[in-house]
There are 2 protein chains.
Amino acid sequence: MAISKKSASIQQVEPDEKEPTSVAGLVLENRLGYALRRAQLAVFKHFNEAMQEHEIRPAQFSSLVVIEGYPGITQTNLAKVLDIDPPRIVSLINNLEERGLALRVRCKRDKRSHGIFLSKKGEALTEQLKELAEQSDIDATQSLSEIERRQLLSLLVKIYAPETSEE
Amino acid sequence: MAISKKSASIQQVEPDEKEPTSVAGLVLENRLGYALRRAQLAVFKHFNEAMQEHEIRPAQFSSLVVIEGYPGITQTNLAKVLDIDPPRIVSLINNLEERGLALRVRCKRDKRSHGIFLSKKGEALTEQLKELAEQSDIDATQSLSEIERRQLLSLLVKIYAPETSEE
DNA sequence: GAATATAGTTATAGTTGTTAACTAGATGAT
DNA sequence: ATCATCTAGTTAACAACTATAACTATATTC
């Protein structure tokens, strides 16, 4: 195999003395996709730690919040709102139902579909989780001011839901 | 199970007439973690489409860029820079090596470690991919101005690498 | 040279995301 | 009506990613 001129004919080599430990200075640092991924992982790490004692995963949290906001929402609509595939919803709701946080109610008009509701327990937990989530966001973004945090949020919404951010 | 007063004693129910299709108006819209995830998925979708013909996945792209920037970097250091676990590096480099894009060179001073280099082919491809990636970022963020894009990038770097963004 | 540490690797399992196909019920046409 | 078609939810199979433990070969330290 032809190798780069920078190392041509080298068979054994010294390790890079610089011991790089970050992507600083590389093109990667200017790629939005990469930065989004790294930032998302960092923020989720905090989130998961905060939710650990309640055994709530990110997708479960967002489901709870959407069900709370739209009681009786169908699974199909929940999938649309969260932009995840219908099969994912099934195990998500199964889990919430098994834990007594949510329940399916068969819709009498269209017996194929189910309205999803929170139980009392689910509502109480969701209130608690929303506060934990807000605090987790702040903890994970200590290096940002409150203004920067709002700026960031608004830029992100423009990316994933450009329609709803026009006004 | 006790269910919320909003739906108490309802056994069969009408589907929500509003047919919600977004998280607009919910607390979720104000959660950084959620917004980051949604934005990241949207941007990666574009990225994957752009890279499809080259069969390059996000982690492969970032590996190529780091190796290009630090020729001879060891696998351990590559793992540190990308913040992924060492076992992930193995299959990543195996794949790049099988495709003739990169190669391992045993380090003579420490025969446990390998310096990773790009082949000529790998260098040429990486140049091409960097341009594709830049264009993909722009395509995925059509709703942002160039200034907003730079703002966003700088905010994200502050989150995932707060040290390197001080100046 | 014996104990300890490190680079890379292998194996494994848990989690997630994706797709295809199935069932039950709804809708629409003739 | 009845037949074909569509939709909601589900199941199952599978690919991708992440995390962990354990193994090997070398290096380092005492």
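Chain letters run A, B, ... following the sequence lines, proteins first and then strands; every chain starts at 1.
- Here the straight-line distance linking atom CD of Glu53(A) with atom CG of Leu132(A) works out to 7.0 Å at 0.5 Å rounding.
- The nearest whole Å value for the distance from the CG atom in Asn95(A) to the P atom in dT15(C) is 11 Å.
- Tyr70(B) has its side chain out of reach of Ile67(B): every pair of non-hydrogen atoms, C-beta onward, lies at least 4.5 Å apart.
- No more than 12 heavy atoms of other residues, nucleotides or ligands lie within 6.0 Å of CD in Glu55(B), so this atom counts as exposed by the packing criterion.
- In this structure, CZ of Arg38(A) is placed 12 Å from P of dT18(D), rounded to the nearest angstrom.
- Taking atom CZ of Phe44(A) as the reference point, atom P of dT15(C) lies 16 Å away to the nearest angstrom.
- Across all strands, Arg88(B) comes closer than 4.0 Å to base atoms (heavy-atom distances).
- Side-chain atoms of Lys111(B) lie closest to dA27(D) of the nucleotides dA27(D), dA26(C), dT18(D).
- Taking atom CZ of Arg37(A) as the reference point, atom C1' of dG17(C) lies 12 Å away to the nearest angstrom.
- Straight-line distance from the CD1 atom of Ile84(B) to the C1' atom of dG8(C): 14 Å, rounded to whole Å.
- Distance Gln40(A) CD to dC17(D) P: 14 Å, rounded to the nearest Å.
- For the pair Asp85(B) CG and dG14(C) C1', the computed distance is 14 Å after rounding to whole Å.
- Arg150(B) and Asn30(A) share no donor-acceptor pair across their side chains, judged by distance under 3.5 Å alone.
- By the 6.0 Å contact criterion, CD on Glu146(A) is enclosed, its count of non-hydrogen atoms from other residues, nucleotides or ligands being greater than 12.
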Under 4.0 Å protein heavy-atom contacts per nucleotide of nucleotides 2-14 of chain D, with B for base, S for backbone only and - for none: -----BSSBB---
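- The nearest pair of heavy atoms linking Asp137(A) to Leu32(B) is OD2-N, 2.6 Å.
- Rounded to an integer number of Å, the gap from Leu82(B) CG to dA19(D) C1' is 17 Å.
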